[in-house]
2 protein chains.
Amino acid sequence: MARPCCYFSPMPLPEPLRAATVGDVAALAGVSSATAARALGGYGTVSPRTRDRVADAAHALGYRANGIARSMVTGQTSTLGLVVADIENPFFAAVTRGFGDVARSAGYDVMVVNTDEDPARERAALGVLVGRRVDGVALSPASSREAGHLHMHVASGQPLVLLDRGVRGLRADVVGIDNRAAARRAVEHLVAAGHRRIAMLAGAGSGGRPLQAEGVPPALMTGLDRIRGYRDALSSAGLDGLPDYLRVTHFRSSAARAAIRELLALPVPPTAVFCSDSLLSLGVLAGAADSGAVIPVDLSLVAFDDADWMDVVTPAVTVMDQPAYDIGAAAADRLLRRVAGDTARPRRVVLPTSLVARGSVAAPRTAVRRVQRPAAP
Amino acid sequence: MARPCCYFSPMPLPEPLRAATVGDVAALAGVSSATAARALGGYGTVSPRTRDRVADAAHALGYRANGIARSMVTGQTSTLGLVVADIENPFFAAVTRGFGDVARSAGYDVMVVNTDEDPARERAALGVLVGRRVDGVALSPASSREAGHLHMHVASGQPLVLLDRGVRGLRADVVGIDNRAAARRAVEHLVAAGHRRIAMLAGAGSGGRPLQAEGVPPALMTGLDRIRGYRDALSSAGLDGLPDYLRVTHFRSSAARAAIRELLALPVPPTAVFCSDSLLSLGVLAGAADSGAVIPVDLSLVAFDDADWMDVVTPAVTVMDQPAYDIGAAAADRLLRRVAGDTARPRRVVLPTSLVARGSVAAPRTAVRRVQRPAAP
DNA sequence: TTGAAAGCGCTAACAG
DNA sequence: CTGTTAGCGCTTTCAA
């Protein structure tokens with residue numbers, strides 16, 4: 001015998017297969033879906049009694065608002081996009097956290113996308129975020145040259161905040177530090193310690209793509225600015241006639257390790273090195289050890305970004321610290337203002353850096369000798 | 001004189017204020033919106049000529065598909081949710097990267113949410129993700145006790161993969177390592193070096209909430225399992241009668257620093273310590289230095305997770321390494337299968353760990369003495 | 001191969 | 001205070 005119950009009243013789909021909608025809740029509560037929506041969404045006016053009935057029905061049905069549908073009609077997603085160049089770099093991890101904390105406390109969620117310093121992936125990431133209709137995007141540009149997609153994005157009127165790195169000619173807010181001044185100060189610290197042959201390791205791009213020709217500045221404003229600061233410091237110290245100790249490497253400690261080994265193997269090696277990134281300084285530590293160079297006796301080091309391990313190594317690493325968490329937080333704040341409709345002209349938010357002097361900087365051996373002579377009459 | 005041009009044909013909204021829609025493209029291409037949508041979305045059948053016309057029109061208008069609207073009708077978002085306990089922990093940073101790489105190569109985007117080890121924030125994060133209708137969620141549970149929301153989520157039929165940490169009784173895939181065995185092996189390494197008084201620092205919770213009473217195991221399966229492994233190793237070595245050197249601290253290096261100082265100040269201090277996390281080992285290095293203890297002479301150390309700095313400190317840190325990137329990648333893979341409809345019973349994916357022996361482990365001083373005597377006859 | 005029309009779940013006018 | 005109605009931009013039958 002067949003099961004007659006099924007002929008005329010097909011079973012509704014079992015619970016797990018279809019999520020409850022406003023209409024379901026409304027039906028159970030015995031009100032119109034508009035009223036249910038008002039009660040559920042917390043807008044308009046609903047009588048307390050109705051509100052309770054709807055709430056009960058929603059609870060019974062396990063109703064969860066469909067953010068997609070809501071976004072569809074409101075045109076807003078309450079979501080911010082964050083495009084970072086390398087989520088594994090502690091600097092960006094902290095930026096991400098600061099950004100997320102501020103966004104969340106303002107009722108926004110965050111979609112994070114990683115680009116691995118690749119402009120093509122960055123363009124794709126931006127496309128994804130725009131496709132998802134995020135309300136705004138914060139982005140650390142992988143390149144200041146390949147930025148056509150950024151210009152188009154800004155031209156389309158969508159809020160964009162640049163993180164850490166600027167892009168020349170782009171009408172967008174920038175949140176970061178004064179890289180040139182910070183680098184200059186870091187190198188001046190080395191000059192003050194008596195160093196003359198000061199190298200710099202600058203990071204650019206990931207391992208994915210070939211680097212530009214030797215000596216050409218990286219396609220990164222941050223790197224460029226730090227290189228400028230390095231040169232500023234050298235020339236005000238009258239040190240610009242010396243051999244070129246600048247090396248541009250990938251953002252990998254292995255690349256820095258090779259670079260520092262090569263530098264130390266020079267006929268006239270540098271006595272100090274300034275690293276534009278914490279990852280690179282990791283490579284310097286390893287490479288110096290490879291070369292048998294002792295820090296700070298044979299090589300002084302100033303790094304960028306105060307990574308958590310920097311004060312447990314021996315010697316502790318002197319760093320130019322930048323407020324990564326605050327940069328992320330400030331970027332979210334700026335972006336939220338733009339999302340809220342602020343159309344004032346682009347602002348540049350510059351956060352303070354600080355030099356943290358630790359044990360990795362000492363006078364170069366030659367300078368020590370010079371000091372020692374008059375000290376023993 | 002008034003401007004008559006505006007009376008009968010109001011200007012259309014200027015470009016930046018309204019994004020082009022399928023309808024706009026269709027109108028410009030002279031086809032129906034259904035056809036334009038087919039051409040744009042790459043589904044159905046469209047003649048090559050029409051396809052080109054539509055493509056041109058789309059290009060001219062700067063059309064970008066509205067993912068929200070698409071999700072609305074397809075019920076899919078091509079987005080995966082990732083809930084991590086601490087984005088700043090290098091372990092989770094690597095997991096995030098592995099997860100993202102696999103997701104992206106399968107055409108999925110990722111929404112990352114940080115919970116700071118707080119179950120309440122975890123519940124909220126899951127709610128957000130569900131509201132946004134992500135196709136699936138991978139999550140590293142902040143607590144194995146407060147997991148009601150996880151059970152509800154699974155009951156609702158939505159794909160969920162647990163990352164790194166399991167939750168007892170939850171019918172969900174788990175991707176991680178065998179924490180108990182790994183911890184046991186790490187501690188056995190210490191035992192083999194001759195240690196008897198072996199401490200353990202286990203992490204639980206962030207600084208946000210008070211920790212449980214002293215000695216109570218943390219509400220984390222990972223921590224629990226590592227503690228079990230520690231005890232396993234101690235008891236098979238016949239070392240369980242010794243004083244209790246286990247300390248449960250927050251996931252902060254400062255907490256570990258205080259804990260190790262306290263341990264080293266004991267009348268009979270431990271000669272070795274096993275840390276359940278790289279952050280904690282950072283604190284151990286600092287705290288040991290505070291106490292004037294030299295590693296590995298006065299204190300041997302085995303850490304968990306091979307952070308990038310671990311082989312540049314002196315001595316380099318012996319670690320139990322877990323494949324963080326692969327864990328993230330495997331989790332994405334598992335989740336994608338579930339999203340694709342795999343309803344086989346929950347699987348547990350266990351990835352291999354490896355002990356990386358470096359310089360932070362040596363024989364305890366007492367053991368050294370014992371060895372030295374017969375060595376000089 | 002193409003078009004017309006119906007909706008996805010929700011919000012926003014506008015009446016009642 | 002509540003219900004009716006009309007979409008948001010897209011995909012998807014179903015006919016033509």
Side-chain angles (χ1 to χ4, degrees), chain A residues 12-13 17-55 57-58 61-79 128 130-135 156, chain B residues 12-13 17-55 57-58 61-79 128 130-135 156:
Chain A
L13 288 172
L17 289 188
R18 199 177 73 78
T21 71
V22 171
D24 299 331
V25 175
L28 184 61
V31 295
S32 75
S33 46
T35 299
R38 278 188 276 254
L40 260 12
Y43 59 93
T45 47
V46 189
S47 77
R49 280 194 51 228
T50 314
R51 188 187 309 281
D52 287 349
R53 276 230 309 286
V54 171
L61 260 32
Y63 170 81
R64 321 233 28 183
N66 185 331
I68 298 288
R70 177 173 294 166
S71 297
M72 176 99 199
V73 36
T74 60
Q76 311 217 120
T77 52
S78 300
T79 302
V128 163
V130 170
R132 294 266 184 286
R133 295 297 194 268
V134 296
D135 296 334
S156 81
Chain B
L13 287 172
L17 289 188
R18 201 177 73 77
T21 71
V22 171
D24 300 330
V25 175
L28 184 62
V31 295
S32 75
S33 47
T35 300
R38 278 189 276 253
L40 261 11
Y43 57 92
T45 48
V46 188
S47 77
R49 279 194 51 227
T50 313
R51 188 188 308 282
D52 288 348
R53 277 231 307 287
V54 171
L61 261 32
Y63 171 80
R64 319 230 34 179
N66 185 329
I68 299 285
R70 178 172 293 166
S71 296
M72 175 100 200
V73 35
T74 61
Q76 309 217 121
T77 51
S78 299
T79 302
V128 164
V130 170
R132 294 265 183 288
R133 294 300 194 265
V134 296
D135 295 334
S156 79

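Shown here are the side chain to side chain contact (heavy atoms under 4.5 Å, CB included) partners of B/Asp24, two or more places apart in sequence or in another chain: B/Arg18, B/Ala20, B/Thr21, B/Leu61. Checked against side chain to side chain contact (heavy atoms under 4.5 Å, CB included), B/Thr45 has no partners two or more places apart in sequence or in another chain. Remark: B/Val46 pairs with B/Thr35, B/Arg38, B/Ala39, B/Thr50, B/Arg51 by the side chain to side chain contact (heavy atoms under 4.5 Å, CB included) rule, at least two apart or across chains. Among residues two or more places apart in sequence or in another chain, the side chain to side chain contact (heavy atoms under 4.5 Å, CB included) test is passed with B/Thr79 by A/Met111, A/Arg132, B/Thr77, B/Asp109, B/Met111, B/Val134.
Residue A/Thr45 is in base contact, counting any heavy-atom pair closer than 4.0 Å across all strands shown.
Position along DNA chain C of the nearest nucleotide to A/Arg64 versus B/Pro48 favours B/Pro48 as the more 5'-ward residue.
Less than 4.0 Å separates DNA chain D from at least one heavy atom of each of the following residues of residues 68-79 of chain A: A/Met72, A/Val73. Within residues 22-35 of chain A, the residues that place at least one heavy atom under 4.0 Å from DNA chain C are, in residue-number order, A/Val22, A/Ala34.
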Can you give me the N/O atom pairs linking the protein to nucleotides 14-16 of chain D at distances under 3.5 Å, or say none if there are none?
none

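Panel note: side chain A/Arg53, backbone A/Ala29; a donor-acceptor pair is recorded below 3.5 Å.
Protein chain A contacts DNA chain C over a range whose 5' and 3' limits, counting nucleotides with an atom under 4.0 angstrom from a non-hydrogen atom, are C/dG9 to C/dA13.
Helix-axis bend for the helix from C/dT1-D/dA16 to C/dG16-D/dC1: the local axis fitted to the five terminal pairs at one end deviates from that at the other end by 30°, rounded to 10°.
From A/Asp135, atom CG reaches atom CD of A/Gln76 across 5.0 Å, with rounding to the nearest 0.5 Å.
OP1 and OP2 of D/dT13 both lie 4.0 Å or more from every side-chain N or O belonging to B/Tyr43.
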